[in-house]
Chemist: 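Pasting in a structure now, in C-alpha cells, and then I'll have a few things to ask.
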Amino acid sequence: MKKKLILIFLVIVVVAGGIVFNNKRTDGLCVLGYHGVVSDEEKETIYKDDVYTLAISDFERHMKYLYDQGYKTYTMDEVYQYMLGNKELDKKAAVLTFDDGYKNFNEYVIPVMEKYNMHATCFVIGKHIYDDKEKFLKEEDMINSQYASYYSHSYNLHRKSKNGFDRKIIEDLSLKEIDKDFKEKGADSSYFAFPYGRSVEGIENILKDNHVKLAFSYNQLRHMNRKDNKYYLPRYMIVDMMPDVYFKWVLG
C-alpha cells in the first residue's frame with residue numbers, strides 16, 4: 001500500500017508538471033509502451049514484483065477504454081506515412097507497442113486486439129528468436145497480420161553494462177559494434193525500439209544505413225509529432241501500478 005501511495009503521488013507530480021511546463025504535450029500521436037501481459041494468477045504469483053508485466057485484466061481494461069472512447073490504433077507503416085506528411089490521423093489516435101518479444105504477446109495481447117479490432121507492434125530481441133528460452137517468441141511465431149506486427153528491439157543490445165549503475169551495454173559499445181548488431185539476423189529492423197530507451201551519439205547514421213524508418217525511445221512524457229527527429233520518437237511507458245487516471249492523462 002505504501003508503495004502504491006508513493007507511485008500515485010509521483011504520477012500526480014508528473015501530470016501537474018506536464019500541464020504547467022508542456023502545454024503542447026498532446027500535439028500529435030500518443031505512443032504507448034508496454035512489455036509483458038500475463039494471466040491474473042501469474043501476475044499475483046510469478047510476476048508480483050515485476051512492474052513491467054501487466055495482468056490481462058488490467059491490460060484489457062486499458063483497451064476497453066480506448067475502444068469505448070473511439071480511439072483508432074495505427075500500424076508502424078501508417079505512423080511512417082503520417083511522419084512523411086502523407087497521412088492524417090483520427091483525432092483520437094494511439095499506437096500500441098510491446099518491448100522484448102515475449103510469447104505472452106501472442107497468447108494474451110493478440111486475442112484482445114482481435115476482440116477490439118486494434119493493432120499492436122511487438123519489438124523483438126533478435127537473439128531470442130533462435131535460442132532455447134521458452135518465454136520469448138521464435139521465428140515461426142512472428143506472423144504479421146491486421147492485428148499484430150513484429151520489428152526489432154536489437155539483436156543483442158538488450159543488456160546491462162558492468163560499468164556503472166543503470167548503464168546499458170549500448171552506451172559502452174563502439175558505433176562499429178552497434179552496426180554489427182544491426183546486421184545480425186533478427187527481427188525486421190524497418191522500425192526499431194531502443195533497448196531500455198537508451199541511445200548514443202552518432203547512431204543516426206547507423207539507423208539510416210540499415211534502412212530504419214523510425215526509432216522509438218521512452219519517457220519524454222509527450223506525444224510524438226512530425227517535428228520530431230524520426231530516430232528519437234517518444235513513448236509513454238506503461239507499468240502495472242500506474243492508476244487509470246495516468247493512463248487517461250497520457251492519451252490526452
Side-chain angles (χ1 to χ4, degrees), residues 11 14-15 17-35 52 59 62-63 65-67 69-100 105 109 113 118-124 147-154 157 170 187-201 203-208 210-239 242 246-252:
V11 167
V14 167
V15 171
I19 293 172
V20 172
F21 297 108
N22 191 1
N23 59 6
K24 293 186 177 181
R25 178 185 66 83
T26 57
D27 290 350
L29 177 60
C30 176
V31 185
L32 303 176
Y34 292 88
H35 288 79
Y52 299 106
F59 174 67
H62 290 177
M63 298 304 103
Y65 179 81
L66 292 179
Y67 180 82
Q69 295 300 313
Y71 277 84
K72 182 176 178 180
T73 56
Y74 287 88
T75 67
M76 283 292 122
D77 286 340
E78 289 174 319
V79 176
Y80 182 58
Q81 290 304 314
Y82 160 73
M83 288 295 288
L84 292 177
N86 296 332
K87 182 178 181 62
E88 297 301 324
L89 304 178
D90 288 17
K91 184 176 181 180
K92 291 187 174 181
V95 179
L96 307 175
T97 68
F98 292 77
D99 286 0
D100 299 347
F105 176 82
V109 176
M113 298 297 98
M118 295 179 177
H119 188 91
T121 296
C122 187
F123 290 113
V124 179
Y147 304 109
S149 53
Y150 304 83
Y151 296 103
S152 178
H153 200 33
S154 84
L157 298 179
I170 193 172
D188 183 352
S189 60
S190 298
Y191 303 102
F192 179 73
F194 289 106
Y196 306 100
R198 302 294 176 86
S199 183
V200 292
E201 186 176 352
I203 200 172
E204 290 187 37
N205 288 333
I206 293 174
L207 298 174
K208 182 178 179 180
N210 286 281
H211 310 293
V212 177
K213 296 177 181 178
L214 302 174
F216 293 84
S217 186
Y218 259 131
N219 289 340
Q220 294 94 327
L221 293 174
R222 63 175 180 81
H223 289 23
M224 62 165 281
N225 60 62
R226 289 183 176 132
K227 295 180 181 179
D228 282 323
N229 185 322
K230 67 180 181 179
Y231 293 142
Y232 298 98
L233 297 173
R235 292 186 289 170
Y236 297 94
M237 184 182 292
I238 306 299
V239 296
M242 287 181 174
Y246 177 82
F247 182 76
K248 295 174 183 179
W249 177 80
V250 299
L251 291 169

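Values in this document were obtained by computation on a predicted structure and should not be read as measured data.
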Chemist: Quick one: are Y246 and V239 in side-chain contact, heavy atoms under 4.5 Å?
Modeler: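 Side-chain contact under 4.5 Å: no.
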Chemist: Between N210 (side chain) and V212 (backbone), is there a donor-acceptor pair under 3.5 Å?
Modeler: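 Checking the backbone N and O of V212 against the side chain of N210, no donor-acceptor pair under 3.5 Å is found.
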Chemist: Using a 6.0 Å cut-off, check whether atom OH of Y67 has over 12 heavy atoms from anything other than its own residue.
Modeler: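 No, not enclosed.
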Chemist: Aromatic rings H62 and Y34: how do their planes relate, parallel, tilted or perpendicular, breaks at 30° and 60°?
Modeler: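 Rings of H62 and Y34: tilted, as their planes differ by 30° to 60°.
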Chemist: Can you list the residues that meet the salt bridge (charged side-chain N to carboxylate O under 4.0 Å, His left out) rule with E88, with sequence neighbours excluded?
Modeler: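 Salt bridge (charged side-chain N to carboxylate O under 4.0 Å, His left out) list for E88, sorted by chain: R226.
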Chemist: Is any side-chain heavy atom of L233 closer than 4.5 Å to one of V31?
Modeler: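 A side-chain contact under 4.5 Å is absent here.
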Chemist: With rounding to the nearest 0.5 angstrom, report the CZ to OG distance, F192 to S152.
Modeler: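 It is 5.5 Å, given to the nearest 0.5 Å.
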Chemist: Looking at side-chain heavy atoms only, is the closest gap between V250 and M242 below 4.5 Å?
Modeler: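 A side-chain contact is absent here, since even the closest heavy-atom pair is not under 4.5 Å.
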Chemist: For H35, enumerate each residue passing the ring-ring contact (aromatic ring centres under 6.0 Å, His included) test, keeping only those at least two apart in sequence or located in another chain.
Modeler: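 Only Y52 meet the ring-ring contact (aromatic ring centres under 6.0 Å, His included) criterion with H35.
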Chemist: Walk me through it: do D99 and R235 pass the test side-chain contact (heavy atoms from CB on, under 4.5 Å)?
Modeler: CA-CA 12 Å; D99 286 0; R235 292 186 289 170; 2.9 Å; yes
Chemist: Counting C-beta onward and ignoring hydrogens, is there a side-chain heavy-atom pair between D228 and R222 closer than 4.5 Å?
Modeler: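 Yes, close enough: below the 4.5 Å cut-off.
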Chemist: If you compare all heavy atoms of L157 against all heavy atoms of P195, which two are closest, and at what distance to 0.1 Å?
Modeler: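 Taking L157 first and P195 second, the nearest heavy atoms are O-CB, 3.7 Å.
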Chemist: Taking C-beta and beyond as the side chain, do F194 and I203 meet within less than 4.5 Å on heavy atoms?
Modeler: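 When only atoms from C-beta onward are counted, I203 and F194 do touch, with a gap below 4.5 Å.
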Chemist: Is it the case that the side chain of Y218 and the backbone of R198 share a donor-acceptor pair, with hydrogens and angles ignored and the cut-off at 3.5 Å?
Modeler: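 Between the backbone of R198 and the side chain of Y218 there is no qualifying donor-acceptor contact (under 3.5 Å).
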Chemist: Evaluate the side-chain proximity of V95 to M224: yes if any heavy-atom separation is below 4.5 Å, no if none is.
Modeler: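 No; the side chains remain at least 4.5 Å from each other.
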Chemist: Please confirm whether the backbone N or O of L32 pairs with a side-chain atom of T97, one donor and one acceptor, at under 3.5 Å?
Modeler: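 Here the side-chain-to-backbone pair exists.
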Chemist: Quick check for you: to the nearest 0.5 Å, what is the distance between T121 atom OG1 and F98 atom CZ?
Modeler: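 Those atoms lie 9.5 Å apart.
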Chemist: Do N205 and Y231 come within less than 4.5 Å of each other through their side chains, counting heavy atoms only?
Modeler: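 The answer is no; the side chains never approach within 4.5 Å.
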Chemist: Flag the pair Y151 / F216 as yes when their ring centroid distance falls below 6.0 Å, and as no otherwise.
Modeler: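 No, too far apart.
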Chemist: Return the OH to CG distance between Y236 and L251, rounded to the nearest 0.5 Å.
Modeler: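 If we round to the nearest 0.5 Å, Y236:OH and L251:CG are 8.5 Å apart.
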Chemist: Decide if atom NZ of K92 counts as having more than 12 heavy atoms of other residues, nucleotides or ligands within a radius under 6.0 Å.
Modeler: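 Atom NZ in K92 is crowded, with more than 12 foreign heavy atoms closer than 6.0 Å.
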Chemist: Compare every heavy atom of A93 with every heavy atom of D90, then report the nearest pair and how far apart it is.
Modeler: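 Closest approach of D90 to A93, heavy atoms only: O-CB, 3.4 Å.
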Chemist: How close do N225 and K227 get, counting heavy atoms only, and between which atoms?
Modeler: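 Taking every non-hydrogen atom into account, OD1-N, 2.8 Å.
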Chemist: Is the centre of the Y82 ring less than 6.0 Å from the centre of the Y74 ring?
Modeler: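 No, ring centres 6.0 Å or more apart.
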Chemist: Any chance you could measure M113, atom CE, to H119, atom NE2, to the nearest 0.5 Å?
Modeler: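 That separation rounds to 9.5 Å.
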Chemist: First locate atom CD of Q81, then atom NZ of K213, and finally report the distance between them rounded to the nearest 0.5 Å.
Modeler: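 The distance works out to 8.0 Å.
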Chemist: Could you give the distance from OG (S199) to CG (N229), rounded to the nearest 0.5 Å?
Modeler: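 One finds 9.0 Å between OG of S199 and CG of N229.
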Chemist: Taking atom types as modelled and ignoring hydrogens, do the side chains of Y191 and D77 form a donor-acceptor contact shorter than 3.5 angstrom?
Modeler: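 Present: a donor and an acceptor within the cut-off.
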